[in-house]
*Asks:* 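So that we are looking at the same thing, I have put the structure below in structure tokens.
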Amino acid sequence: MPEFRLYNSLTRSVEPFAPADGAKVTLYTCGPTVYNPAHLGNFRTFLFEDLLRRALHMRGWSVEQVMNLTDVDDKIIKRAAERSISITELTDPVCETFHADREFLRIQRAEHYPRATAFIPEMIDLVKRLEANGTAYKADDGSVYFAIDKFEGYGRLSRLDTREIRAGARVAQDDYAKENAQDFALWKAAKPEDEACGAVWDSPWGRGRPGWHLECSAMAMAILGETIDIHAGGVDLVFPHHEDEIAQSEAATGKPFARFWCHGEFLLTDGAKMAKRVGNVSTVADLRAEGVSAAALRHFVFSTHYRKQLNLSGAALEASTEAVRRIGDFSDRLSREKAGSAQLAEAADTLLIEATTALSDDLNAPRALGALFDFIHAANRAFDATGTDTSALARARNVFRQVNAVLDVVPDRGTDDSVLASWVDQQLADRAAARARRDFAAADQVRKALEEKGIAIEDSPTGTRWKKVR
RNA sequence: GGCACCGUAGCCAAGUGGUAAGGCAGGAGACUGCAAAUCUCUCAUUCGUCGGUUCGAUUCCGACCGGUGCCUCCA
């Protein structure tokens, strides 16, 4: 097995990775803020994390993954206030939508989906520790801030020391209570609108609510421990979110917060970052309505390396749809064939090596997909030539299953509809009869009727096969 | 303005100091009643531009051009 390597944002280099305890990977992944449904840009990151999770499994490690659901923040409070409902009433349905979208995209369920509001005591404890060691202070506005000057390593992840701050852009006018403009809020004093929608908790500093970064540190440490193996998220979280997480966590424990920091690049639309603010978002629901399959979406996302920007376009989605159609047809053939050959077994061995190598090399999914298509081509050739080796077939099936267990790009045929199946079978019998009497006009009529129902047919020496294509 | 990343065929995309994977689209052929699927052949003497290093660069260095992101809520 090749060495498993990952790009670590902390060192800006690809490094060998293995879990600290040798067996189980502790993985923290920043999840969605549940004020409205996540778009495909958000899901690109979650798909990258799903790929990471599955690749770790492929290596034989177990994974304990946490994905937080941020259910209290400025946007949530604002929206709840607009609708005169509580934050819970706003966020509960969005959490459900998130899981429905997640399942549609075949993103494996994490072990934990903690909601920020369920970990307020842990967050308060963390702030207490920081206050006790002098890195946190309560300001005149009643909020508690983290003093970045007190934490020596501040800015290490995002290389703040190498940046020049744009004049006038940095200091927010309403942050006058902070000792330093870059200090960030750990605990925010309650405002009337917070009270109105239930976004307040009692604390040693008075009623208030947690700052944005606090939840991730508190929940990661509570569930996974003070030093986790991998912390992942989108690149936009590097600063300030992850930087601040490191500061507050390490200032409290004196231990490294995460050994590896992994960041996924953005999804673009029309050359610009997909963002609600830009107004160029596509949700999973939108894409489903357009008939784009989960397999096609996964193929699309995995066709580009996760650290490279990816542009969403109709043409790209069509190409992916056609690509997974080929994969699906091959998968069907693999199930249907009765035996293979030495060439097939050889192709399978090559696929296993190539795919494992690619995925172990900083999750190179595009290269793994290339290896998969090479295999499909070689296997189709082998099947066309026929063979009698059943163990070769078993080997091919086994390897294909292993690789697909990571990529999961075989389209769902949805052919388990028995009513539809019997109807199609009757149609095909009629067509076979028409062909037998060389009445091709009638036969073509049947094929056209089936196509209108989304059924594609393939004649073969052993009979006619059919499949749902939409 | 500061800090990064990216620029490979019509489109998407991997890649390496030694002569360009794979997918989509396209062209020709085999198979088929016709299709579909599959197979065969074909499809970048060339990797944004200009220099430099080197026996040799798409790959290293520099400049320039173009694109994107972060520096503020953000996957």
Side-chain angles (χ1 to χ4, degrees), chain A residues 12 29-33 35 38-49 70 73-75 78 158-172 182 212 232-241 263-268 271-278 299-300 302-305 307-311 313-327 329-330 332-333 354 358 361 364-377 379-381 383-385 434-435 438-441 443-444 447-448 451 456-461 464-467 469:
Chain A
R12 296 208 173 177
T29 48
C30 284
T33 299
Y35 74 104
H39 56 253
L40 194 66
N42 299 308
F43 274 105
R44 182 190 182 191
T45 297
F46 304 148
L47 280 165
F48 138 62
E49 291 159 351
T70 300
D73 92 318
D74 293 353
K75 287 193 286 278
K78 183 166 178 263
S158 55
R159 311 286 157 115
L160 274 185
D161 55 331
T162 62
R163 300 185 189 188
E164 231 173 70
I165 293 151
R166 180 167 56 187
R170 198 51 187 265
V171 185
Q182 288 184 68
W212 174 33
V235 281
D236 50 348
L237 297 184
V238 173
F239 184 87
H241 188 52
H263 295 97
E265 255 296 347
F266 284 131
L267 179 68
L268 312 181
K273 173 181 174 178
M274 180 179 281
K276 286 160 191 162
R277 181 179 49 142
V278 183
H299 173 92
F300 167 65
F302 296 154
S303 68
T304 297
H305 187 85
R307 284 193 287 112
K308 203 172 156 187
Q309 293 177 340
L310 170 64
N311 199 257
S313 70
L317 252 21
E318 281 167 26
S320 286
T321 297
E322 192 54 27
V324 297
R325 195 274 311 149
R326 180 166 160 85
I327 295 172
D329 281 358
F330 173 75
D332 289 345
R333 184 173 195 181
E354 293 293 320
D361 182 14
N364 195 330
R367 211 166 95 206
L369 283 168
L372 180 61
F373 281 104
D374 282 339
F375 168 69
I376 288 173
H377 181 242
N380 272 142
R381 276 187 66 152
F383 284 138
D384 283 355
R435 292 179 76 205
R438 302 192 68 77
D439 182 356
F440 297 120
D444 290 348
R447 182 164 62 200
K448 199 168 171 233
E451 274 170 10
I457 62 174
E458 295 170 14
D459 290 329
S460 82
T464 300
R465 294 187 297 273
W466 65 276
K467 65 186 178 190
V469 291

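Just so it is clear: chains get the letters A, B, ... in the order the sequence lines come, proteins before strands, and each one is counted from 1.
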*Asks:* For B:G33 versus B:A21, give the span between their P atoms, rounded off to a whole number of Å.
*Replies:* 37 Å
*Asks:* Taking the side chain of A:N364 as its heavy atoms from C-beta onward, which of B:G23, B:A14, B:A4 lies nearest to it?
*Replies:* B:A14
*Asks:* Got more than 12 heavy atoms from elsewhere within 6.0 Å of NZ, A:K78?
*Replies:* no
*Asks:* To the nearest 0.5 Å, tell me how far A:N380 CG sits from A:D329 CG.
*Replies:* 9.0 Å
*Asks:* If the P atom of B:G48 is compared with that of B:U40, how far apart are they to the nearest Å?
*Replies:* 31 Å
*Asks:* Atom CG of A:D374 and atom P of B:A14: how far apart are they, to the nearest Å?
*Replies:* 16 Å
*Asks:* If the cut-off is 4.0 Å, is A:S320 near the phosphate of B:G23, judged by side-chain N/O to OP1 or OP2?
*Replies:* no
*Asks:* Which base sits across from B:G10 as a Watson-Crick or G-U pair, both distances under 3.5 Å?
*Replies:* B:C24
*Asks:* Counting the atoms with a prime plus P, OP1 and OP2 as sugar-phosphate, which does A:H263 contact under 4.0 Å by heavy atoms, base, sugar-phosphate, or nothing?
*Replies:* nothing
*Asks:* Distances under 3.5 Å only, N/O to N/O: pair up the protein atoms with those of nucleotides 36-42 of chain B.
*Replies:*
residue, atom, partner, partner atom, Å
B:A36, N1, A:D459, O, 3.3
B:A37, O3', A:R325, NH1, 3.3
B:U38, OP1, A:R325, NH1, 3.4
B:U38, OP1, A:R326, NH1, 3.3
B:U38, O3', A:N380, OD1, 3.3
B:U38, O2', A:D384, OD1, 3.4
B:U38, O2', A:D384, OD2, 2.6
B:C39, OP2, A:R326, NH1, 3.4
B:C39, O4', A:D384, OD2, 3.3
B:U40, OP1, A:H377, NE2, 3.4
B:U40, OP1, A:R381, NH1, 3.1
B:U40, OP2, A:H377, NE2, 2.6

*Asks:* Mind checking who B:U45 pairs with, Watson-Crick or G-U wobble, both distances under 3.5 Å?
*Replies:* none
*Asks:* Select base, sugar-phosphate, or nothing to describe what A:L372 touches, counting heavy atoms under 4.0 Å on all strands.
*Replies:* nothing
*Asks:* P atom, B:G23 versus B:G51: distance in rounded Å?
*Replies:* 36 Å
*Asks:* If only atom types and distance count, is the side chain of A:S320 paired as donor or acceptor with the main-chain N or O of A:L317 below 3.5 Å?
*Replies:* no
*Asks:* On RNA chain B, check which nucleotide each of A:E318 and A:R435 is closest to and give me the residue with the more 5' one.
*Replies:* A:E318
*Asks:* Given atom CD of A:Q182 and atom P of B:G2, what is their separation to the nearest angstrom?
*Replies:* 18 Å
*Asks:* Give me the distances for all protein-to-nucleotides 67-69 of chain B N/O pairs that come in under 3.5 Å?
*Replies:*
residue, atom, partner, partner atom, Å
B:U68, O2', A:Q309, OE1, 2.9
B:U68, O2', A:Q309, NE2, 2.7
B:G69, OP1, A:K273, N, 3.2
B:G69, O4', A:Q309, NE2, 3.4

*Asks:* Using a 4.5 Å cut-off on heavy atoms from C-beta on, say whether the side chain of A:I327 contacts that of A:F373.
*Replies:* yes
*Asks:* To the nearest 0.5 Å, how far apart are CZ in A:R44 and CE in A:M274?
*Replies:* 11.0 Å
*Asks:* Select base, sugar-phosphate, or nothing to describe what A:T33 touches, counting heavy atoms under 4.0 Å on all strands.
*Replies:* sugar-phosphate
*Asks:* Could you work out the separation of B:C65 and B:C41 based on their C1' atoms and round it to a whole Å?
*Replies:* 40 Å
*Asks:* Using the C1' atom on both, measure B:A14 against B:A44 and round to a whole Å.
*Replies:* 15 Å
*Asks:* Between A:S303 and B:C12, is there a side-chain N or O to OP1/OP2 distance below 4.0 Å?
*Replies:* no
*Asks:* Are A:T304 and A:E265 close enough that some pair of their side-chain heavy atoms sits under 4.5 Å apart?
*Replies:* no
*Asks:* Suppose you measure atom C1' in B:A28 against the same atom in B:C61; what distance do you get, rounded to whole Å?
*Replies:* 46 Å
*Asks:* Please examine the side chains of A:R326 and A:I376, heavy atoms only from C-beta on, and report whether any two atoms are closer than 4.5 Å.
*Replies:* yes
*Asks:* Can you tell me which nucleotide in B:G23, B:G33, B:A75 comes closest to the side chain of A:D444?
*Replies:* B:G33
*Asks:* Enter the distance from A:C30:SG to A:E49:CD here, rounded to the nearest 0.5 Å.
*Replies:* 8.0 Å
*Asks:* Look through every strand shown and name the nucleotide pairing with B:C39 as Watson-Crick or G-U wobble, where both distances are under 3.5 Å.
*Replies:* B:G29
*Asks:* Could you tell me the separation between the CG atom of A:L40 and the C1' atom of B:A75, rounded to a whole number of Å?
*Replies:* 11 Å
*Asks:* What is the distance, rounded to the nearest whole Å, between atom CZ of A:R277 and atom P of B:A75?
*Replies:* 11 Å
*Asks:* Could you pull out all residues at least two apart from A:R438 that satisfy side-chain contact (heavy atoms from CB on, under 4.5 Å)?
*Replies:* A:F440
*Asks:* CD1 of A:I327 versus C1' of B:C24: gap in Å, rounded?
*Replies:* 12 Å
*Asks:* Would you mind pulling out the nucleotide paired to B:C70, Watson-Crick or G-U wobble, both distances under 3.5 Å?
*Replies:* B:G2
*Asks:* When the nearest nucleotide of RNA chain B is assigned to A:G31 and to A:A316 on a heavy-atom basis, which residue is associated with the more 5' position?
*Replies:* A:A316
*Asks:* Do A:R325 and A:E322 meet the salt-bridge criterion of a basic N to acidic O distance under 4.0 Å?
*Replies:* yes
*Asks:* What is the base-pairing partner of B:U54, counting Watson-Crick and G-U wobble geometry with both distances under 3.5 Å?
*Replies:* none
*Asks:* Is A:F440 stacked on the base of B:G33, meaning ring centres closer than 5.5 Å and planes within 30 degrees of each other?
*Replies:* yes
*Asks:* Taking the minimum atom-to-atom distance to the side chain of A:R367, which one of B:C73, B:G15, B:A75 wins?
*Replies:* B:G15
*Asks:* Taking atom C1' in both B:C6 and B:C43, compute the distance separating them and give it to the nearest angstrom.
*Replies:* 26 Å
*Asks:* Taking side chain as C-beta onward, heavy atoms only, is A:L267 less than 4.5 Å from A:F43?
*Replies:* no
*Asks:* Taking donor-acceptor contacts at under 3.5 Å, does the side chain of A:R447 reach the base of B:A35?
*Replies:* yes
*Asks:* Measure the distance from CG on A:L310 to P on B:G7 and round it to the nearest whole Å.
*Replies:* 14 Å
*Asks:* Is any side-chain heavy atom of A:R333 closer than 4.5 Å to one of A:R465?
*Replies:* no
*Asks:* Determine the interatomic distance between C1' on B:G62 and the same-named atom on B:U54; round to the nearest Å.
*Replies:* 16 Å
*Asks:* Please give, in whole Å, the distance from B:U32 C1' to A:R438 CZ?
*Replies:* 12 Å
*Asks:* Can you measure A:L369 atom CG to B:G23 atom C1' for me and round it to whole angstrom units?
*Replies:* 9 Å
